[in-house]
Amino acid sequence: MKTLVVDENGALSVKEIPKPVCGDDQALVKMISCGICNGTDAKLIHRTFKGVEPSEYPLMLGHEGVGRVVETGRNVTGYKVGDVVLLPFVDADEARYGRLGSAWGAYSEYAVVTDRAAAGSGAPECAYAQTIVPEGIDPVDAAMIVTLREVLSSIKRFGIKENNSVAIFGCGPVGLTFIRFMSILGVHPIIAFDIVDEKVKEALDKGADYAFNSKNCDPEAEIRKICPGGVEFVLDAVGVLGLINQAMGFICDQGKICCYGIAPQCHYDIDWARAPYNWQLQFQQFPSKVEEGEANAQILAWIRSGIIDLKDYISDYFAFDDILEAFQRLEERKISKKGIIVYGE
């Protein structure tokens with residue numbers, strides 16, 4: 001099969017490697033689609049992903065995949081041939097792939113999922129989110145469900161609830177998803193900021209009560225006009241460490257600064273002189289697969305009811321043969337929402 005590989009210099013290439021072999025508790029899937037992640041994928045390509053050392057490269061990339069089951073292990077009862085499944089991965093396997101490592105490896109033509117019922121207590125955490133996509137949902141667009149589940153589970157982990165006030169920075173695919181879900185959940189007011197006018201407008205369309213181009217205004221002044229005492233939550237959806245100190249002037253007493261976006265560095269000089277006496281800082285940059293799996297039913301219910309339309313979050317589709325061009329467009333910031341890699345079935 002073919003797979004997308006990034007080397008220690010950040011160069012991408014498509015390599016031919018053996019297909020993975022599914023174990024007794026696993027199912028082999030043929031990939032249908034995989035979403036391009038401007039956070040994880042880009043940071044791995046730029047060699048700035050926390051915890052991944054240069055010695056671990058080269059790596060197979062991809063983590064927002066959808067595949068169709070083509071073979072099942074002898075103990076598998078939770079999947080059958082033909083099922084469409086979220087989050088197939090390709091694990092590192094020195095015997096088969098040598099020193100080629102895995103950053104989940106879903107930009108591959110084949111991958112595997114684990115049946116929790118068969119694996120029991122030995123199931124990896126990812127198995128809790130390797131769920132079946134119901135009929136009636138486009139299996140290509142279903143790659144977007146991965147992001148939607150991560151966002152919903154993170155809203156719950158941050159503790160953002162109905163009638164809380166939130167200022168959110170970054171209105172890309174993830175930021176817009178946060179805005180839409182918070183609006184559905186009754187979070188108000190939602191005050192959104194971005195540096196691109198089109199994204200500011202889309203934030204309003206997705207449910208933000210207010211939206212501003214932060215290049216053309218003073219965010220603190222705008223927030224204080226709406227919430228004189230400050231907001232309860234400031235949410236960083238892009239990974240700009242400078243927002244931590246900037247947010248000190250936005251939050252109310254007991255307010256929380258929530259960092260979801262992955263920053264390119266892991267150190268920062270925090271100055272809380274302008275913050276209230278009581279405040280919190282929370283990083284949620286690697287959503288729990290258990291919590292992501294628990295969010296699955298709510299996401300599917302919103303899709304079925306028409307509250308959520310997956311196509312609202314997707315701007316580009318690329319054939320797997322054009323995957324290098326797709327990542328070039330990502331680097332050039334020419335993918336406005338979510339880009340999806342599509343494999344021929």
Side-chain angles (χ1 to χ4, degrees), residues 144 147-214 216-238 240 243-244 246-261 275-276 278-284 287 291 294-295 297-299 301-310 312-313 337:
M144 188 66 210
T147 297
L148 302 187
R149 299 189 311 186
E150 289 178 355
V151 168
L152 181 58
S153 65
S154 293
I155 289 171
K156 294 179 179 180
R157 173 59 66 177
F158 283 135
I160 301 173
K161 295 183 173 62
E162 183 179 6
N163 294 323
N164 285 153
S165 54
V166 178
I168 178 169
F169 286 79
C171 299
V174 168
L176 292 173
T177 305
F178 267 106
I179 290 167
R180 179 63 176 142
F181 285 3
M182 289 190 296
S183 177
I184 292 170
L185 295 169
V187 177
H188 296 290
I190 301 169
I191 309 167
F193 294 90
D194 202 280
I195 59 173
V196 178
D197 287 335
E198 291 79 5
K199 292 183 179 180
V200 171
K201 179 181 182 302
E202 187 147 15
L204 293 169
D205 293 340
K206 285 292 186 290
D209 299 287
Y210 308 88
F212 304 94
N213 187 322
S214 55
N216 302 329
C217 72
D218 176 355
E220 181 173 355
E222 299 298 341
I223 289 170
R224 293 285 180 177
K225 286 178 190 175
I226 300 161
C227 299
V231 289
E232 293 165 281
F233 294 88
V234 174
L235 175 56
D236 169 17
V238 288
V240 177
L243 283 173
I244 295 175
Q246 189 179 11
M248 299 297 176
F250 307 160
I251 51 176
C252 66
D253 186 64
Q254 300 290 349
K256 182 184 286 188
I257 300 168
C258 304
C259 297
Y260 181 86
N278 309 300
W279 60 278
Q280 301 174 65
L281 173 63
Q282 182 174 353
F283 284 76
Q284 173 70 7
E291 293 176 0
E294 291 170 349
Q298 180 64 81
I299 297 299
W302 283 341
I303 293 171
R304 290 192 190 100
S305 68
I307 292 174
I308 292 295
D309 184 343
L310 295 176
D312 285 346
Y313 301 88
K337 297 181 185 178

Does Arg224 use its side chain to pair, donor to acceptor, with the backbone of Gly249 at less than 3.5 Å?
yes
Can you name the residues that form a side-chain hydrogen bond (donor to acceptor under 3.5 Å, both in side chains) with Asn278, not counting sequence neighbours?
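With sequence neighbours excluded, Asn278 shows a side-chain hydrogen bond (donor to acceptor under 3.5 Å, both in side chains) to Asp253, given in chain and number order.
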Between Ile307 and Arg180, which heavy-atom pair has the shortest distance, and what is it?
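Here Ile307 and Arg180 meet closest at O-NH2, 2.9 Å.
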Where do Pro276 and Met248 come nearest, in terms of heavy atoms and distance?
CD-O, 4.1 Å
When rounded to the nearest 0.5 angstrom, what is the spacing between [atom1] in [X] and [atom2] in [Y]?
X: Ile299; Y: Arg149; atom1: CD1; atom2: CZ; result: 8.5 Å
X: Cys258; Y: Gln280; atom1: SG; atom2: CD; result: 8.5 Å
X: Trp302; Y: Ile184; atom1: CH2; atom2: CD1; result: 5.0 Å
X: Asp236; Y: Phe283; atom1: CG; atom2: CZ; result: 8.5 Å

Going by the rule salt bridge (charged side-chain N to carboxylate O under 4.0 Å, His left out), which residues pair with Asp205 if we only count those two or more places apart in sequence or in a different chain?
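Salt bridge (charged side-chain N to carboxylate O under 4.0 Å, His left out) check on Asp205 returns Lys201.
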Set of salt bridge (charged side-chain N to carboxylate O under 4.0 Å, His left out) partners for Lys199, sequence neighbours left out:
none
Please say which of Met182, Met144, Glu150, Lys206 ends up in a side chain to side chain contact (heavy atoms under 4.5 Å, CB included) with Thr177.
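Testing each of Met182, Met144, Glu150, Lys206 against Thr177, the sole residue satisfying side chain to side chain contact (heavy atoms under 4.5 Å, CB included) is Met144.
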Please identify which of these residues, Leu243, Ile257, Val234, meets the side chain to side chain contact (heavy atoms under 4.5 Å, CB included) condition with Phe250.
Val234
Can you sort out the partners of Gln282 under side-chain contact (heavy atoms from CB on, under 4.5 Å), two or more places apart, ordered by chain and number?
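So Gln282 forms a side-chain contact (heavy atoms from CB on, under 4.5 Å) with Arg157, Phe158, Lys256.
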Please check if atom CD1 in Ile226 has more than 12 non-hydrogen atoms from other residues, nucleotides or ligands closer than 6.0 Å.
yes
Show which side-chain atoms of residues 164-176 pair as donor or acceptor with protein atoms under 3.5 Å away, not counting sequence neighbours.
residue : atom : partner : partner atom : Å
Asn164  : OD1  : Lys161  : N            : 2.7
Asn164  : ND2  : Glu232  : OE2          : 3.2
Ser165  : OG   : Glu232  : N            : 2.9
Ser165  : OG   : Glu232  : OE1          : 3.3

Contacts of type ring pair (Phe, Tyr, Trp, His ring centres under 6.0 Å), residue Phe212, not counting sequence neighbours:
Phe193
Carboxylate-amine/guanidinium proximity below 4.0 Å for Lys337 and Glu202:
yes
Report yes if the side chains of Leu185 and Leu152 come closer than 4.5 Å at any heavy-atom pair, otherwise no.
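Side chain of Leu185 against side chain of Leu152, heavy atoms only: contact under 4.5 Å found.
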